[in-house]
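Since this is a predicted model, take the numbers as computed values, not measurements. One-based numbering along the sequence shown.
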Amino acid sequence: MEVYSQRKRVLLLLVSWIMLLPLAVLGGSGNNTANATAPLSPSSRPKVVNIGALFTAKSVIGRSAEPALVAAIGDVNSDSSILRGTKLNLIFQDTNCSGFVGTVDALQLMEKEVVAAIGPQSSGIAHVISHVVNELQVPLLSFATDPTLSSLQYLYFLRTVPNDHFQMYAIADVVDYFGWKEVIAIFVDDDNGRNGISVLGDALAKKRAKLTYKAAFSPGASSSEIDDLLISVNLMEARVYVVHVNPDTGLSIFSKAKNLGMMTSGYVWITTDWLPSFLDSSDSVNPETMDLIQGVVALRHHTPDSDQKKMFASRWKNFKGVEIPSFNSYALYSYDTIWLLARALDLFFKDGGKLTFSDDPRLRDTNGSALHLSSMKVFDQGQKLLQILIGMNFTGLTGQIQFDSEKNLVHPAYDVLNIGGTGTRTVGYWSNYSGLSVVTPEIIYSKPPNTSTSAQHLYNVIWPGETVTPPRGWVFPHNGKPLRIAVPYRVTFKEFVHKDKGPSGVKGYCIDVFEAAIDLLPYPVPHVYILYGDGKRNPSFKNLVNDIVTNKYDAAVGDVTITTNRTRIVDFTQPYMESGLVVVAPIKELKSSPWAFLQPFTLQMWCVTGVFFLFVGTVVWILEHRHNPEFRGPPRKQLVTVFWFSFSTMFFAHRENTMSTLGRLVLIFWLFVVLIINSSYTASLTSILTVQQLSSGIQGIDSLISSNDPIGVQDGSFAYNYLIEELGVLESRIRILKTEDEYVSALEKGPQGGGVAGIVDELPYVELFLANSKCVFRTVGQEFTKGGWGFAFQRDSPLAADLSPAILQLSENGDLQRIHDKWLSNNGCSSQNNQADDTQLSLKSFWGLFLICAVACFLALVAFFCRVYCQFRRYDPEPEEQDISEPESVRPSRRPLGSLSFKDLIDFVDKRESEIKEILKRKSIDSKRHQGQSPDGQPSSPV
């Protein structure tokens, strides 16, 4: 299509050329035209170099560009440091705001052997003339901002102003900064307008926003046509308007908008650089004009405040041909373009470049044609000059003049302006380096780039209606189309939503929640409910969501589950109902057993408890045997005492008193363990004997999947795809159940009778089903997914964001619960399946207690045996009836420990503690008494 369009333009050009009156061959202007094809002397430079310029002289851009071009030519020609001996000759062609005339002027300009052409400002003319300069190898330094003027297609096209591609991304960043999602573009339907807005749509899409409507009007649109256009966009929801027109006729848009009341609070107007170009061209603007554009945000080419720029501004009124008191950014770019070309020519000549032109054999005058096509020559050194231009790098009035790989100026930047009062104020800057900022781009360039959301900043903007609060950006106009809301036409569980004969056509829990949330919004939301489905079976919620994506519906209100896949294509509100998948299974009552008293503990728990009873009883006997007469006596009696004491502690009925400190310590720990075990046993047994016991072969989702039995799901539920795609269940195992009666029948029949082993469904449905079925079924296992129900809207719908706080408010003030109680039964069934196995207490719940008790017993035994060992070392089992008068020297000393027998040790341990203490005390006294006698048996006397 692009090739066809180009051919069509060239054909139109040639036909138009034929219809013109014969043109005289224009005389040469100094580029050695007398002998165009003859090469210049290597040691000489041409005296004059022709440069062409294509502008509309009486336009906003032309009034600034032409004086700047003339001034730059004068400055270059008077500067002896550049182009020594060569003067630049500017040939200005007025395109007269006409694509046809501009194209003819461009062709006429090419006859004058120009080495470069500056302009045009029109993208339409630039598209056509780019084909010509490609053929003639003449660099085109253009002011056309159309993003589709590609450097790959048009090799000799070089843009010396910022590309509109960047301006559209700047607008997208502004839209995203304020959180708007819908934008309406108002533009002139020409190459520049269409292509610029196309880029804007792409830029908005990357910010998850969109162009909801492209309001185009023809370049020569009448006042009534603009009126009709604005009326149509005012009927739409979006209130963010981007105006991309030319500066000569753009104000008529705001004049009509003012009359239609579209410059008031709630509206957002953003313009491209055309509006600042108009405002900057005059020192003061008519107050009536300023009143039309109050609160508008506009972008302007950013140029740094340099001394060069200030000097240029001071000279402006003295320039030749100045018709306006001030200038816009195009004057600065025009001035820099001349200097760019002059510097490039200077390098061109220094490098030995020559200005030679040759005939193009494809341009011939045939059949007596008076077009004189042969007068257009090919610039032989055009490629060399172009490469020099692309490689230039210097600082001009507009900042750094350098081109990137796509022949765009590096560091494109814009001022973000807010129009208010009698002038404008800068609220920030945009650059493709770091996005929006309140710091000038020159400072930003010295820092690392940062385009994160947190780094984007603008000063406060005063919006239409003199408010500083950012507008919401969209409304539901009273005369607009109502919101198309799809409502599931349910067959089962109609409490959530069902068809009704009332005005709205639907009723139910979901409808009441939505209406209550809508009532909390600060603006009206006209809407209409549309039943989705045939009423014979539940509709497919997957298809319902897809129909929202395809714009068949604006939203869906009902029991729509929020899933990961759905959130990728639509927007959901805050969940208003918690939901997750659970398993419903058939159950049977477990009858009481004569051995029910054994069920509270597992077998392992019973065994360990019994062992510990005996262990603790034995430990206490060891610790008490030497102190307590109740733990002494014949072996049979002592054995009975151990057993009795051990198990009587279970009921705290032991009659034996503990006398030793260690025995009491062990008993304290053990009685604490017994207290916990008794309490747990009592509670568990009470539950077993008083609570109805239910049994099911399915314990949860894991056992249901591994059983290979059929599984039931509700018709239309997302559980069908979830079981297959996420849990790997074979599709052949799944049974779709369409009514609640089919639920009951499938569960009662079971897998052997053609039914199902269990049903997987969402918790709200299950709770309602159990209540309606008198709780004859139960849920088993735990809820194995977490989710909720929400209202679904088209992607990036602002209504979804506004409804979420409203739903939270309903939850906080209790209205959500009141709506729930109105529609859904409060007589729910227990969701737990209290099976006997689940209530049994195992060792893992008590091993810590047993460990503490065991450690206490061990430490007590260690302390006891250490004491016994110390006493036994001092103990002498020999009878003490020996004559006390026997000399000490002939009395045997203490018997070594190794000479004592095991029987002596047992006899020692078996003795009462009081006897041991008496023996050791008596031996101590005897020892002291014998130490007081002399060696011959006589008492010793002092010296």
Side-chain angles (χ1 to χ4, degrees), residues 56-63 95-102 121-125 171 183-197 200 211-282 284-299 323-324 328 419 422 424 463-465 475 477-480:
T56 299
K58 299 302 181 181
S59 67
V60 170
I61 294 177
R63 288 189 179 97
T95 58
N96 206 18
C97 290
S98 170
F100 174 76
V101 174
Q121 67 196 65
S122 168
S123 297
I125 300 175
I171 292 175
V183 175
I184 293 177
I186 301 175
F187 61 98
V188 178
D189 192 13
D190 58 11
D191 289 340
N192 186 57
R194 285 190 304 271
N195 298 328
I197 294 303
L200 176 62
L211 277 176
T212 57
Y213 185 68
K214 297 179 180 180
F217 59 92
S218 62
S222 64
S223 176
S224 61
E225 290 174 336
I226 295 177
D227 265 338
D228 294 341
L229 182 70
L230 293 178
I231 290 173
S232 65
V233 300
N234 197 33
L235 296 177
M236 300 175 185
E237 297 178 3
R239 284 293 182 265
V240 180
Y241 304 119
V242 173
V243 183
H244 184 46
V245 296
N246 63 70
D248 298 287
T249 59
L251 285 178
S252 61
I253 299 289
F254 291 103
S255 176
K256 303 299 180 183
K258 180 77 171 179
N259 295 334
L260 294 174
M262 298 174 67
M263 298 301 297
T264 57
S265 178
Y267 289 86
V268 177
W269 292 88
I270 303 174
T271 76
T272 51
D273 64 286
W274 68 266
L275 183 57
S277 296
F278 171 81
L279 297 177
D280 291 343
S281 299
S282 58
S284 61
V285 182
N286 188 331
E288 294 181 358
T289 301
M290 292 300 298
D291 185 57
L292 298 176
I293 53 178
Q294 294 294 303
V296 174
V297 173
L299 298 185
E323 300 179 3
I324 51 179
N328 55 44
I419 300 172
T422 59
T424 64
W463 304 100
V475 295
H478 295 292
N479 53 355

Peer 1: Can you find a pair of side-chain heavy atoms, one from P464 and one from Q294, that are under 4.5 Å apart?
Peer 2: no
Peer 1: Is there a side-chain contact between V60 and N328, using heavy atoms and a 4.5 Å cut-off?
Peer 2: yes
Peer 1: Could you tell me whether a side-chain N or O of W274 sits under 3.5 Å from a main-chain N or O of V243, the two making a donor and an acceptor?
Peer 2: yes
Peer 1: Output the distance between atom CG (L229) and atom OG (S224), rounded to the nearest 0.5 Å.
Peer 2: 11.5 Å
Peer 1: For V183 and A238, work out which heavy atoms get closest and say how close.
Peer 2: N-CB, 4.4 Å
Peer 1: Looking at A257 and L230, what are the two nearest heavy atoms and their distance?
Peer 2: N-CD1, 3.5 Å
Peer 1: Apply side chain to side chain contact (heavy atoms under 4.5 Å, CB included) to M262 and F254, showing your working.
Peer 2: CA-CA 9 Å; M262 298 174 67; F254 291 103; over 6 Å; no
Peer 1: Is there a side-chain contact between L279 and I419 (heavy atoms, below 4.5 Å)?
Peer 2: yes
Peer 1: Can you tell if the side chain of V242 reaches within under 4.5 Å of the side chain of L200, non-hydrogen atoms only?
Peer 2: yes
Peer 1: Give a yes-or-no answer on whether the side chains of D189 and S218 include a donor-acceptor pair shorter than 3.5 Å.
Peer 2: no
Peer 1: Check step by step if side chain to side chain contact (heavy atoms under 4.5 Å, CB included) holds for S122 and T95.
Peer 2: CA-CA 9 Å; S122 168; T95 58; over 6 Å; no
Peer 1: Checking the side chain of T56 only, and the main-chain atoms of S59 only, is there a donor and an acceptor separated by less than 3.5 Å?
Peer 2: no
Peer 1: At what distance, to the nearest 0.5 angstrom, does OG of S222 lie from CG of D227?
Peer 2: 8.5 Å
Peer 1: Testing the basics here: between T422 and M290, what is the closest heavy-atom pair and its distance to 0.1 Å?
Peer 2: C-CE, 3.7 Å
Peer 1: Has N246 got a side-chain atom pairing as donor or acceptor with T249's backbone, closer than 3.5 angstrom?
Peer 2: yes
Peer 1: Would you name the heavy atoms of W269 and M263 that are closest together and state the gap between them?
Peer 2: NE1-SD, 3.2 Å
Peer 1: Return the CG to CG distance between N286 and D291, rounded to the nearest 0.5 Å.
Peer 2: 10.0 Å
Peer 1: Would you indicate whether the side-chain heavy atoms of H244 and I197 approach each other to under 4.5 Å?
Peer 2: yes
Peer 1: Answer yes or no: is there a side-chain heavy-atom contact under 4.5 Å between I253 and F217?
Peer 2: yes
Peer 1: How many angstroms lie between atom CD1 of I61 and atom CG of D273, to the nearest 0.5 angstrom?
Peer 2: 7.5 Å
Peer 1: Taking atom CD1 of I293 and atom OG1 of T271, what is their separation to the nearest 0.5 Å?
Peer 2: 8.0 Å
Peer 1: Closest approach of T272 and V245, non-hydrogen atoms and distance?
Peer 2: OG1-N, 4.5 Å
Peer 1: Over all heavy atoms of both residues, which pair between N195 and D191 is shortest? Give the atoms and the distance, please.
Peer 2: ND2-O, 2.9 Å
Peer 1: Under a 4.5 Å cut-off applied to non-hydrogen side-chain atoms, are T289 and L251 in contact?
Peer 2: yes
Peer 1: For the pair I270 and Y241, evaluate side chain to side chain contact (heavy atoms under 4.5 Å, CB included) and give the outcome as yes or no after the intermediate values.
Peer 2: CA-CA 6 Å; I270 303 174; Y241 304 119; over 6 Å; no
Peer 1: I need the N234 CG to I184 CD1 distance, nearest 0.5 Å.
Peer 2: 8.5 Å
Peer 1: Do side-chain atoms of S281 reach the backbone of S277 as a donor and acceptor pair under 3.5 angstrom?
Peer 2: yes
Peer 1: Just by modelled atom types, is the G266 backbone N or O under 3.5 Å from a matching donor or acceptor in the R239 side chain?
Peer 2: no
Peer 1: Show your working on side chain to side chain donor-acceptor pair (under 3.5 Å) between E237 and T212 and close with a plain yes or no.
Peer 2: CA-CA 9 Å; E237 297 178 3; T212 57; over 6 Å; no
